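These figures come from a predicted structure and were not determined experimentally. By convention here, the first residue in the shown sequence is residue 1.
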Amino acid sequence: MFQLTIMANPNQEIIYKKLFINNEFVDAQSGKTFVTLNPQTGKPLAEVAEADKADVDLAVKAAKKAFERGSAWRDMDASQRGRLINKLADLIEQHKSALANLEVLDNGKPFAEADFDIQCAIDTFRYYAGWCDKIHGNTIPADGGSLAITSKEPIGVVGQIIPWNYPTLMVSWKWAPALAAGCTIVLKPAEQTPLSALYAAALTKQAGFPSGVINVVPGFGETAGHALVIHPDVRKVAFTGSTEIGRLIAENAAKSNLKKVSLELGGKSPLVVMQDVDLDEAVEIAHNAVFANHGQCCCAGTRTFVQETIYDAFVAKSVELTRKRKVGNPFADDTLQGPQIDAESQQKILKYIELGNKQGAKLECGGNKWGNEGFFVEPTIFSNVTDNMTIAQEEIFGPVQSVIKFKTLDEVIERANKTSYGLAAGILTKNIDWALTFARAVEAGSVWINCYDAVTPQTPFGGYKQSGHGRELGEDGLEPYTETKTILVKLPTKN
Ligand code: ADP
């Protein structure tokens, strides 16, 4: 029954285009729809129901009801919750082709990357399925001869707002820990990429999740997203996206009902290449650290710091590799880079490239838009980049590598930390002292040694400084979805 080989199909049928509320696909109350584009062509792909405040209210009402005392979800054994999550993972595996095709059509990433993302989503669901009946508190020898216990309880209705760069994977990062903890969910996918979340919603019904546990409300940030953020019955908002919107969400959440917020935001991550590396290997790791997912990755290693003795050779080899990077149709087997997500993003990247040129960085390759249709940008490398240049400071979210020269480890640590972000960092070296000195000193939520972007379901992920609040994945990823309750029993002092 399981489909072991997955099939690319640019004509994938788009079945689910409505809001998913209380286990039903429904039109928006207003009857409004919006168009999602195919970034490869810039042409309309599907018309999707557009949620607004009225729909968010209905979805939150359904999620609140599903969380009531005595509901099927609240009364369900934790182990059964785990079985449902595993069932969902199995269904995603069975429907992997459809999901991967939707992801390519809606987002533009190459089919092989979409396939990989969906496998990572499946792994994330399976990881958290195992947690359901292992989330427990403590027994505490409290003062006064009392018996005290703590329990970890689900926080309640959670609002989840996700971006467009990893649509299905972000669904799994949000749903899996929330479901494991026993919460109920209203998710707003990004307006650019609503299709795979709606398809996954259909699978949750098939898996047997009770009505109202999972709701999906496609729509725009300022309307549907904002309504979720300020809703008085939402106890927590989990957000992945830009630092700018993250700050706004934290403010609005605080102003409404002081709901809890976890944020996974932007980055300008350093990858340090020491002079003792195998050059070809280092060039390839640094290349993938920037260009994977067309540079549309919050933890992309976009500041490539290279030690001065190997700098020129490193740049030359990087240019050689990048020139070979195949850009084009994301359904083609040999394509490594598809289009950027939309025209706005493409224009923003080209503006950064212009600034790089103006501020004196040396354009080594790329630098232009690619092709005559869609939102493509050539893979681009700048050398002679200095720390104060805009391209070394701001998140470009596109296929642009800045190669920066440094002399010593102490110097590069200081320069790596000179940013308001702190999501990830990497170092490539054979010297363990250098690697661990850097790992301890760098201000980043993830540090990768001799690899990059090695995110796994078991390991926490999140940011220092303005890269976010809280952690996703791993045991830490459950924390934002639980409250700790202390129950203290007064015991008689004498028998
Ligand atoms: P990007 O710049 O990568 O598109 P954003 O941070 O703008 O990232 O968007 C990420 C998600 O946040 C999307 O789902 C978007 O609709 C949502 N969003 C944008 N603005 C708001 C807002 N004011 N309130 C709530 N959600 C928002």
Side-chain angles (χ1 to χ4, degrees), residues 266-292 294-295 297 299-325 327 337 346-370 377-421 424-429 434 438 442 444 452:
K268 191 72 195 172
S269 300
L271 172 60
V272 171
V273 184
M274 303 299 291
Q275 62 195 10
D276 64 339
V277 290
D278 173 311
L279 200 57
D280 288 323
E281 216 177 281
V283 163
E284 195 178 338
I285 293 173
H287 174 88
N288 290 327
V290 177
F291 294 108
H294 324 164
C297 177
C299 59
T302 48
R303 287 187 296 152
T304 313
F305 283 100
V306 180
Q307 204 157 15
E308 63 176 356
T309 45
I310 57 165
Y311 185 86
D312 291 342
F314 184 95
V315 170
K317 278 184 182 279
S318 297
V319 171
E320 198 185 316
L321 181 63
T322 302
R323 285 217 169 102
K324 284 194 223 138
R325 193 168 181 82
V327 182
Q337 185 174 310
Q346 182 194 38
Q347 285 312 314
K348 192 174 146 202
I349 296 163
L350 293 171
K351 273 252 146 57
Y352 276 116
I353 292 174
E354 203 182 308
L355 272 175
N357 281 321
K358 265 200 195 135
Q359 295 177 354
K362 183 173 175 213
L363 182 69
E364 296 278 355
C365 63
N368 299 299
K369 85 185 183 67
W370 182 95
V377 176
E378 290 175 347
T380 299
I381 299 184
F382 279 108
S383 65
N384 295 348
V385 177
T386 54
D387 296 351
N388 56 348
M389 289 178 185
T390 311
I391 55 168
Q393 292 191 344
E394 295 183 13
E395 190 176 32
I396 300 173
F397 230 62
V400 182
Q401 182 171 27
S402 294
V403 193
I404 312 173
K405 197 182 282 183
F406 75 93
K407 282 198 174 86
T408 69
L409 183 62
D410 280 342
E411 170 208 325
V412 80
I413 287 171
E414 198 181 310
R415 291 171 63 191
N417 283 337
K418 235 186 224 166
T419 163
S420 57
Y421 293 117
I427 183 164
L428 310 181
T429 176
W434 291 346
F438 177 80
V442 73
Y452 200 82

Return the [atom1] to [atom2] distance between [X] and [Y], rounded to the nearest 0.5 Å.
X      : Y      : atom1 : atom2 : result
Leu355 : Ile391 : CG    : CD1   : 8.5 Å
Thr302 : Leu271 : OG1   : CG    : 10.0 Å
Ile396 : Leu350 : CD1   : CG    : 11.0 Å
Phe397 : Ile349 : CZ    : CD1   : 9.5 Å
Glu354 : Gln359 : CD    : CD    : 11.0 Å
Lys351 : Thr390 : NZ    : OG1   : 13.0 Å

Exercise: identify the closest heavy-atom pair between [X] and [Y]:
X      : Y      : answer
Phe438 : Ala416 : CE1-CB, 4.4 Å
Ser269 : Ala300 : CB-O, 3.4 Å
Leu279 : Ile310 : CD1-CD1, 4.1 Å
Gly426 : Tyr452 : N-CE1, 3.8 Å
Tyr421 : Glu395 : OH-CB, 4.2 Å
Ala444 : Ala424 : CB-C, 3.7 Å

Take atom CD of Glu284 as the centre, draw a 6.0 Å sphere, and report whether it contains more than 12 heavy atoms from other residues, nucleotides or ligands.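 Counting neighbours around CD of Glu284, 12 or fewer heavy atoms of other residues, nucleotides or ligands fall under 6.0 Å, so no.
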Other residues, nucleotides and ligands only: do more than 12 of their heavy atoms fall within 6.0 Å of CD on Glu308?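 Count over threshold, so yes.
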Test His287 against every option in Lys317, Gln401, Arg325 by the side chain to side chain donor-acceptor pair (under 3.5 Å) rule and name the one that passes.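 Between His287 and the candidates, side chain to side chain donor-acceptor pair (under 3.5 Å) is satisfied uniquely by Arg325.
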Any [X] side-chain heavy atom under 4.5 Å of [Y] side chain:
X      : Y      : value
Met274 : Phe406 : yes
Phe314 : Thr304 : yes
Val273 : Tyr311 : no
Thr322 : Phe291 : yes

Yes or no on side chain to side chain contact (heavy atoms under 4.5 Å, CB included) for Asp276 and Trp434, after CA distance, side-chain angles and deciding distance? CA-CA 11 Å; Asp276 64 339; Trp434 291 346; 3.8 Å; yes
Under the rule for salt bridge (charged side-chain N to carboxylate O under 4.0 Å, His left out), what residues qualify as partners of Asp387, not counting sequence neighbours?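 Only Arg415 meet the salt bridge (charged side-chain N to carboxylate O under 4.0 Å, His left out) criterion with Asp387.
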For the side-chain contact (heavy atoms from CB on, under 4.5 Å) test, which of Val403, Val283, Asn384, Val306 pairs with Val315?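 For Val315, the side-chain contact (heavy atoms from CB on, under 4.5 Å) check succeeds only for Val403.
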Test side chain to side chain contact (heavy atoms under 4.5 Å, CB included) on Ile427 and Leu409 and set out the steps. CA-CA 10 Å; Ile427 183 164; Leu409 183 62; 4.2 Å; yes
Working for side chain to side chain contact (heavy atoms under 4.5 Å, CB included), residues Val442 and Asn417: CA-CA 6 Å; Val442 73; Asn417 283 337; 3.5 Å; yes
Side chain to side chain contact (heavy atoms under 4.5 Å, CB included) evaluation trace for Arg303 with Lys268: CA-CA 7 Å; Arg303 287 187 296 152; Lys268 191 72 195 172; 3.9 Å; yes
Backbone N or O of Gly295 within a donor-acceptor pair of the Gln337 side chain at under 3.5 Å?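 Absent.
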Could you pull out every donor-acceptor pair under 3.5 Å between side chains of residues 360-369 and any protein atom, sequence neighbours left out?
from   : atom 1 : to     : atom 2 : distance (Å)
Glu364 : OE2    : Ser383 : OG     : 2.6
Asn368 : ND2    : Glu378 : OE1    : 3.4

Determine whether the side chains of Thr386 and Asn388 contain a donor N or O and an acceptor N or O closer than 3.5 Å.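 There is such a pair between these side chains.
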